[in-house]
Amino acid sequence: MTRSFFDQVHDVVRRIPPGRVATYGQIARILGSPRSARTVGWALRAVPEGESIPWQRVVNGRGEVSFSQGSEGALVQRALLEDEGIVFDAHGRIDLDLYGWEGLDLAERDRLLGLSPQL
DNA sequence: CGTATGACGAGCC
DNA sequence: AGGCTCGCCATAC
């Protein structure tokens, strides 16, 4: 298969519904590379602006926007998430128990991993 | 083909 | 508790 890890990351991120967030580590685990969280972040950094990939719905394991505080990217991401109804606490963090993505069901996960050729 | 790079994460001070 | 280090691993060069 020609799908790069980056493409697979993008595929998964596109599945995150509005108002929900996933973590870098979670995406990595879904793709079968539990130690590739950093690479997930890199894959999102490489998302072209025009693409319809909801990159803002991916945060770090503590529910924080993973840009240096005050940076433009951080402000943009937070604004986009708040537009989806997500509420940040006083520490600028998201309650993952409340807004965390449920994840993919097994069938969908297998399809994304290419275990069951469908297209 | 070796080295550098990160929008992470776990662990150790 | 909070900050720092170190491992990780797909790409970039």
Side-chain angles (χ1 to χ4, degrees):
Chain A
M1 94 172 139
T2 61
R3 284 191 124 356
S4 67
F5 189 79
F6 280 23
D7 289 332
Q8 293 184 51
V9 168
H10 297 169
D11 287 342
V12 172
V13 172
R14 263 192 285 259
R15 302 303 201 286
I16 307 172
R20 283 296 176 79
V21 296
T23 69
Y24 299 93
Q26 180 182 2
I27 303 297
R29 286 194 299 276
I30 287 174
L31 293 179
S33 297
R35 313 269 66 140
S36 302
R38 302 189 69 175
T39 308
V40 170
W42 205 9
L44 292 182
R45 183 177 65 97
V47 171
E49 284 199 25
E51 296 300 316
S52 58
I53 296 174
W55 57 270
Q56 72 272 20
R57 294 175 195 149
V58 185
V59 297
N60 68 28
R62 297 177 315 218
E64 301 169 326
V65 163
S66 208
F67 284 96
S68 52
Q69 184 182 18
S71 69
E72 181 169 344
L75 296 176
V76 169
Q77 182 171 10
R78 174 165 179 158
L80 287 172
L81 291 176
E82 289 180 326
D83 281 347
E84 299 182 354
I86 291 176
V87 176
F88 288 73
D89 67 18
H91 304 327
R93 293 181 350 211
I94 295 169
D95 184 343
L96 293 180
D97 290 328
L98 198 54
Y99 299 107
W101 184 32
E102 303 291 331
L104 302 167
D105 59 49
L106 291 178
E108 193 169 7
R109 181 178 322 201
D110 285 349
R111 185 170 60 73
L112 279 175
L113 290 175
L115 298 184
S116 62
Q118 170 170 327
L119 307 179

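Note: hydrogens, waters and symmetry copies are ignored here, and every other heavy atom, side chains too, is used. Quick note on labels: first sequence line is chain A, next is B, and so on, each numbered from 1.
DNA chain B is contacted by no residue of residues 75-100 of chain A, taking any non-hydrogen atom closer than 4.0 Å. Contact check of residues 61-72 of chain A against DNA chain B (heavy atom, cut-off under 4.0 Å) returns Gly61(A), Ser66(A), Phe67(A). For the contact set between residues 24-32 of chain A and DNA chain B, defined by any heavy atom under 4.0 Å, the members are Tyr24(A), Gly25(A).
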Nucleotides 9-13 of chain C: which of its N/O atoms have a protein N/O under 3.5 Å away?
unit_1: dC9(C); atom_1: O2; unit_2: Thr39(A); atom_2: OG1; d: 3.0
unit_1: dT11(C); atom_1: OP1; unit_2: Phe5(A); atom_2: N; d: 2.4
unit_1: dT11(C); atom_1: OP1; unit_2: Phe6(A); atom_2: N; d: 3.0

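Screening residues 84-94 of chain A for side chain to side chain donor-acceptor pair (under 3.5 Å) gives Gln56(A)-Glu84(A), Arg57(A)-Glu84(A) as the qualifying pairs, with residues at least two apart or on separate chains.
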With a 3.5 Å cut-off and sequence neighbours excluded, list the donor-acceptor pairs that the side chains of residues 9-22 of chain A form with protein atoms.
unit_1: His10(A); atom_1: NE2; unit_2: Ala43(A); atom_2: O; d: 3.0
unit_1: Asp11(A); atom_1: OD1; unit_2: Arg3(A); atom_2: NH2; d: 3.4
unit_1: Asp11(A); atom_1: OD1; unit_2: Arg14(A); atom_2: NH2; d: 3.1
unit_1: Asp11(A); atom_1: OD2; unit_2: Arg3(A); atom_2: NE; d: 3.1
unit_1: Asp11(A); atom_1: OD2; unit_2: Arg3(A); atom_2: NH2; d: 3.3
unit_1: Arg15(A); atom_1: NE; unit_2: Glu108(A); atom_2: OE2; d: 3.1
unit_1: Arg15(A); atom_1: NH1; unit_2: Asp11(A); atom_2: O; d: 2.8

Side-chain polar contacts of residues 94-101 of chain A - donor-acceptor pairs under 3.5 angstrom, sequence neighbours left out - could you list them?
unit_1: Asp95(A); atom_1: OD1; unit_2: Asp97(A); atom_2: N; d: 2.9
unit_1: Asp95(A); atom_1: OD1; unit_2: Leu98(A); atom_2: N; d: 3.4
unit_1: Tyr99(A); atom_1: OH; unit_2: Val87(A); atom_2: N; d: 3.3

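Here the range on DNA chain B touched by chain A, meaning any atom under 4.0 Å from one of its heavy atoms, is dT5(B) to dG9(B).
Going from atom CG of Leu112(A) over to atom CD1 of Ile30(A) covers 8.5 Å, rounded to the nearest 0.5 Å. The distance from the CG atom of Asp110(A) to the CG atom of Leu104(A) is 10.0 Å, given to the nearest 0.5 Å. Separation of atoms OG1 (Thr39(A)) and CG (Leu44(A)) is listed at 11.0 Å; rounding is to 0.5 Å. To the nearest 0.5 Å, atoms OG1 (Thr23(A)) and CG (Asn60(A)) are separated by 8.5 Å. Rounding to the nearest 0.5 Å places CZ of Phe67(A) at 10.0 Å from CD of Glu72(A). Atom CZ of Arg78(A) is separated from atom CD of Glu64(A) by 11.5 Å, given to the nearest 0.5 angstrom.
Residues meeting the salt bridge (charged side-chain N to carboxylate O under 4.0 Å, His left out) test with Arg35(A), sequence neighbours left out: none. In this view, Ala37(A) and Tyr24(A) satisfy the side-chain contact (heavy atoms from CB on, under 4.5 Å) rule, not counting sequence neighbours. Residues passing the side-chain hydrogen bond (donor to acceptor under 3.5 Å, both in side chains) test with Arg29(A): none are found, sequence neighbours excluded. Partners of Arg38(A) by side-chain hydrogen bond (donor to acceptor under 3.5 Å, both in side chains), not counting sequence neighbours: none found.
Listed for the Ser71(A) side chain is a donor-acceptor partner under 3.5 Å among the backbone atoms of Ala74(A).
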